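Shown next, in structure tokens, is the structure this report addresses.
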Number of protein chains: 2
Amino acid sequence: MTAHHDPADTPARLEARATWRVSRMHARVTRLLGAAFDADGDGLRSYHYRLLAALNEWGAMSQADLGRRTGIDRSDVTGALGDLEPRGLVTRHTDPAHARRKIVAITPGGVGRLRELDAVIDGVQERFLAPLTPAQRRTFLDLASRLADVPPDDGS
Amino acid sequence: MTAHHDPADTPARLEARATWRVSRMHARVTRLLGAAFDADGDGLRSYHYRLLAALNEWGAMSQADLGRRTGIDRSDVTGALGDLEPRGLVTRHTDPAHARRKIVAITPGGVGRLRELDAVIDGVQERFLAPLTPAQRRTFLDLASRLADVPPDDGS
DNA sequence: TGGGATGTGTTGGCACGTCCAACATTGTTT
DNA sequence: AAACAATGTTGGACGTGCCAACACATCCCA
């Protein structure tokens, strides 16, 4: 697929750094997820999965709320919903109380699709974590969550 | 800086997944590195650092070799060198033996700049790894390197 | 000695994720 | 009523990573 750079050939100052390893892990994750989404087809991507997951877990809400809770920009939410609605995975109707606001809800078909995507993504987890033992996987997940969820280290 | 999404608000199916945590770690790394490079100024970015590091460690070589050893596409190497050369951090002269080939070498100024960038990036490591103890950092680095450097899992 | 294959630097472009600015429109606050 | 804030949308920017095509140089082998 991609050229894949031989990891033995990496400047030592780079290889030693945590940020570099995170970047390389991310590259692998991206490659695996991209391939899996492509294979599963239908042109859905990680944005769509995130939105479906949020709607499934928290129920219907406005697009703005959806964006805030998923960390996706309002404009990108608009775009992604434009993909999901025509597929019947999501409905959009304007809030009767607030004419400007649109309430988004997941459909039964959307729930089904979400389940399918769950399976696809679980397969990716398995492939990604393959080099580690179950105990190591648990350790990695724990450390990763501490490194991932850090309040915005705002400059000074 | 960026909006930063409250991690407590994340669909459980996402939060549980290793790929998601890697993505979030990468987002943080990107934010920290971007801020650090911006602050240090001069418009240099991670591409430039990678190239300087490779030239410093392995000596002068052609652009194509440089690209192969760093995993950066030939065309992107061309672009990045176009930033480094005018700053005097790098020299480019055509190989006397092969008129088509250009040998790139780091200059003393480039070495100095590389050292400065080292310091900048080390600062980022510290901030990124802050939530972990030294022992945990070592564990994380070990696990991350196993997850990062995996031969191209070509399809089947 | 030729001629096809292969390597090289460069330009231009695409895809993807992320983010921001502006805008018309609708609600809220005072 | 007037200033203000929120909503959905459009259009665009940027960074990273690819790939295709090109003109040219060099190599290898028939």
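In this text, all values refer to a predicted model and were calculated from it rather than measured experimentally. Letters A, B, ... mirror the listed sequences (proteins, then strands); counts begin at 1.
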(message) Taking the basic N atoms (NZ, or NE/NH1/NH2) and the acidic carboxylate oxygens, is any pair closer than 4.0 Å for B:R45 and B:D38?
(response) yes
(request) Figure out the OH/C1' separation between A:Y49 and C:dG17, and round it to whole Å. (result) 18 Å
(message) What residues from residues 74-85 of chain B pass a heavy-atom cutoff of under 4.0 Å to DNA chain D?
(response) B:R74, B:S75, B:D76
(message) I'd like to know if B:R100 reaches the base of C:dT8 with its side chain such that a donor and an acceptor end up less than 3.5 angstrom apart.
(response) yes
(message) Let me confirm one number: the OG-CG distance from B:S23 to B:L14, rounded to the nearest 0.5 Å.
(response) 9.0 Å
(request) Quickly work out the B:L44 CG to D:dT16 P distance and round it to whole Å. (result) 12 Å
(message) Tell me whether the side-chain N/O atoms of A:R68 come closer than 4.0 Å to OP1 or OP2 in D:dG8.
(response) no
(request) Give the rounded distance in Å between these two atoms: CH2 of B:W20 and C1' of C:dG17. (result) 12 Å
(message) Can you see if the side chain of B:R92 gets near the phosphate of C:dT8 - specifically, an N or O under 4.0 Å from OP1 or OP2?
(response) no
(message) Check A:D122 with B:R13, please: is the shortest side-chain N to carboxylate O separation under 4.0 Å?
(response) no
(request) Using the closest heavy atom to pick a nucleotide of DNA chain C for each, name whichever of A:R45 or A:A99 lands nearer the 5' end. (result) A:R45
(message) I want to verify a distance call: between C:dG9, D:dG8, D:dG17, whose nearest atom is closest to the B:R50 side chain?
(response) D:dG17
(message) Is the phosphate of D:dT7 approached by A:R101 (side-chain N or O, under 4.0 Å from OP1 or OP2)?
(response) yes
(message) Counting only side-chain nitrogens and oxygens, does B:Y47 get under 4.0 Å of the OP1 or OP2 atom of D:dG17?
(response) yes
(message) Test of understanding: with salt bridge (charged side-chain N to carboxylate O under 4.0 Å, His left out), list the residues that count as partners of A:R87, not counting sequence neighbours.
(response) A:D42
(request) Examine D:dG17: is either OP1 or OP2 under 4.0 Å from a nitrogen or oxygen in the side chain of A:R24? Give yes or no. (result) no
(message) Rounded to whole Å, how long is the line connecting atom CG of B:D95 with atom C1' of C:dG7?
(response) 13 Å
(request) Between D:dT26, C:dT28, D:dG8, spot the one nearest the side chain of B:H98, thanks. (result) D:dT26
(request) Send over the distance from B:I72 CD1 to D:dC18 P, rounded to a whole Å. (result) 10 Å
(request) Could you tell me the separation between the NE2 atom of B:H26 and the C1' atom of C:dC16, rounded to a whole number of Å? (result) 13 Å
(message) Can you tell whether the side chains of B:R115 and B:D118 come within less than 4.0 Å, N to carboxylate O?
(response) no
(message) Taking the minimum atom-to-atom distance to the side chain of B:Q63, which one of C:dG9, D:dG15, D:dG8 wins?
(response) C:dG9
(message) So that I can tick it off, tell me whether A:D65 and A:R101 are bridged by a salt bridge, with the cut-off set at under 4.0 angstrom between side-chain N and carboxylate O.
(response) no
(request) Compare every heavy atom of A:G110 with every heavy atom of A:L52, then report the nearest pair and how far apart it is. (result) CD1-O, 4.3 Å
(message) Side chains of A:F37 and A:I121, heavy atoms from C-beta outward: is any pair under 4.5 Å?
(response) yes
(request) Using the closest heavy atom to pick a nucleotide of DNA chain D for each, name whichever of A:K102 or A:S23 lands nearer the 5' end. (result) A:K102
(message) In this structure, how many angstroms lie between the C1' atom of D:dG8 and the CE atom of A:M61, rounded?
(response) 16 Å
(message) What's A:T30 touching, base or sugar-phosphate or nothing? Going by heavy atoms closer than 4.0 Å.
(response) nothing
(message) Without decimals, in angstroms, what is the distance between B:H48 NE2 and D:dG17 P?
(response) 12 Å
